[in-house]
> 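After the structure tokens below, expect a handful of questions from me.
Start at 1 with the first residue, then count along the sequence.
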Amino acid sequence: MQKRALVGLTFILPWLIGFVFLFVTPLLQSVQFSFHELNVAPGGYELVYSGLENFKEALFVDANFNRILTESVAEMVLNVPMILFFSLFSAVLLNQRFRGRGLARAVFFLPVILASGAISAAETAGLISMTGSSQVAQELGEAQGGFDTLSLILLLDSAGLPEWFIDYIVNCTTRIYEIIRSSGVQILIFLAALQSVPPAMYEVAKMEGATAYESFWKITFPMVSPLILTNIIYTIIDSFSNSTVTQTIYETAFQSQNFGLSAAMSWLYTIVVSLILLVIGFLVSRKVFYYE
């Protein structure tokens with residue numbers, strides 16, 4: 001047990017060092033700024049204590065923050081199930097044996113690389129040009145804009161499905177490119193989980209006459225459930241990190257020069273995200289199966 005704890009500490013040590021030396025000081029400063037009004041002065045800045053005024057302004061005075069925060073949470077609630085289902089489905093397919101499996105896996109992870117900060121920074125610096133690929137992506141998107149959603153709605157409605165479920169399926173279909181772009185890391189995590197399942201368990205199930213459907217729900221799904229929780233947490237954090245709330249906080253600080261209000265918005269945002277993670281983590285962890 002002590003050896004496993006030491007291995008775990010070794011894995012998190014790089015992050016821990018970076019957090020202590022790079023993030024602790026700015027974190028404490030942001031707490032300080034949120035309770036003060038920051039005024040730029042010659043040679044630095046000065047702080048004027050304002051108590052909870054910045055938090056009150058963010059919640060009750062600012063015309064956009066509450067709306068943007070609510071929309072971000074609602075969008076996250078819609079996006080997470082889409083991305084998780086697509087990621088698990090794709091990982092199960094990519095875990096099968098077929099020719100070109102390595103290339104197929106690379107294709108699914110390619111959008112993650114293209115959307116990374118390194119690619120964006122290189123394009124901004126003029127080291128690379130993504131203009132051609134962007135135009136191709138835009139043309140493909142416009143070509144798919146003619147997707148007959150009405151036929152899909154009529155088909156699902158004739159099957160007797162509820163209206164809210166039909167709306168959700170149509171939303172998933174029309175946003176398939178966005179889902180694929182956001183699923184690369186999750187697919188890799190699920191692939192790692194699937195490859196860690198002992199093949200002997202499938203062999204025994206097959207000998208007992210279990211179908212592929214039964215093997216999935218009785219073996220595959222329980223065995224990958226710990227990483228379902230991991231992917232849920234990752235997807236929630238990823239969806240919030242690229243949301244309009246983050247952009248609003250940035251603009252408040254560096255365009256409006258209201259650093260105190262920006263810090264208060266950041267901490268309100270952090271509290272909301274933390275509460276969501278705690279609730280979802282608690283609910284999902286009760287259903288997680290840990291294989292020893």
Side-chain angles (χ1 to χ4, degrees), residues 1-34 72-73 76 79-81 83-84 86-88 90-91 94-95 105-106 108-121 181-198 220-243 245-246 249-250 263 265-292:
M1 192 68 180
Q2 187 177 2
K3 184 178 179 181
R4 293 181 62 183
L6 185 61
V7 171
L9 181 62
T10 304
F11 271 103
I12 69 168
L13 191 59
W15 172 86
L16 189 60
I17 294 174
F19 178 78
V20 170
F21 289 99
L22 298 177
F23 288 99
V24 168
T25 300
L27 191 68
L28 296 177
Q29 282 184 333
S30 69
V31 175
Q32 183 184 27
F33 291 168
S34 66
S72 296
V73 173
M76 179 273 298
N79 286 345
V80 170
I83 294 171
L84 287 177
F86 178 80
S87 300
L88 182 57
S90 301
L94 294 174
N95 195 47
R105 291 177 178 178
F108 272 94
F109 193 67
L110 190 61
V112 179
I113 301 174
L114 296 178
S116 67
I119 297 295
S120 177
R181 186 191 64 189
S182 304
S183 301
V185 174
Q186 293 88 330
I187 291 174
L188 282 182
I189 293 174
F190 277 135
L191 269 174
L194 291 171
Q195 292 175 0
S196 66
V197 179
T220 305
F221 191 79
M223 294 294 286
V224 303
S225 61
L227 291 183
I228 291 178
L229 178 59
T230 302
N231 273 337
I232 289 175
I233 294 174
Y234 174 83
T235 306
I236 291 174
I237 295 175
D238 185 57
S239 66
F240 277 118
S241 64
N242 298 317
S243 69
V245 182
T246 308
I249 293 171
Y250 177 85
M265 288 179 174
S266 300
W267 279 105
L268 289 171
Y269 193 30
T270 302
I271 291 171
V272 170
V273 174
S274 300
L275 289 176
I276 292 173
L277 290 175
L278 285 174
V279 172
I280 293 180
F282 174 75
L283 295 176
V284 176
S285 62
R286 299 175 63 184
K287 302 296 183 181
V288 169
F289 171 78
Y290 292 101
Y291 173 75
E292 296 292 343

> Give a yes-or-no answer on whether the side chains of Y269 and S243 include a donor-acceptor pair shorter than 3.5 Å.
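Yes, a side-chain donor-acceptor pair sits under 3.5 Å.
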> Nearest 0.5 angstrom please: S30 OG to F23 CZ, how far?
12.0 Å
> Where do A91 and I187 come nearest, in terms of heavy atoms and distance?
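In terms of heavy atoms, the two residues are closest at CB-O, 3.9 Å.
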> Can you tell which of I233, I236, V80 makes a side chain to side chain contact (heavy atoms under 4.5 Å, CB included) with I280?
I236
> With rounding to the nearest 0.5 Å, note down the distance linking CG in L27 to CZ in F19.
5.5 Å
> Within this structure, what is the CG-CD distance for the pair L28 and Q32, rounded to the nearest 0.5 Å?
9.0 Å
> If every non-hydrogen atom of L229 is compared with every non-hydrogen atom of G281, which pair is closest and at what distance?
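In this case the closest contact between L229 and G281 is CD1-CA, 3.9 Å.
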> Which residues pass the side-chain contact (heavy atoms from CB on, under 4.5 Å) test with L227, not counting sequence neighbours?
I189, A193, T230
> What pair of heavy atoms forms the shortest contact from F190 to I228, and how long is it?
CE2-CG1, 3.6 Å
> Could you check whether any side-chain heavy atom of Q186 comes within less than 4.5 Å of a side-chain heavy atom of S90, counting everything from C-beta outward?
no
> What is the minimum heavy-atom distance between I83 and S183, and which atoms define it?
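Heavy atoms of I83 and S183 come nearest at CG2-OG, 3.5 Å.
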> List the steps, then state whether side chain to side chain contact (heavy atoms under 4.5 Å, CB included) holds for L94 with L194.
CA-CA 10 Å; L94 294 174; L194 291 171; over 6 Å; no
> Going through the distances and angles, do I232 and L84 end up as a side chain to side chain contact (heavy atoms under 4.5 Å, CB included)?
CA-CA 7 Å; I232 289 175; L84 287 177; 3.1 Å; yes
> Kindly indicate whether the side chain of F221, heavy atoms from C-beta on, has any atom under 4.5 Å from the side chain of L88.
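Heavy-atom side-chain distance check passes, below 4.5 Å.
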> Heavy atoms only: give me the nearest M76-P81 pair and the separation to one decimal.
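Answer, listing the atom of M76 first, then P81: O-CD, 4.4 Å.
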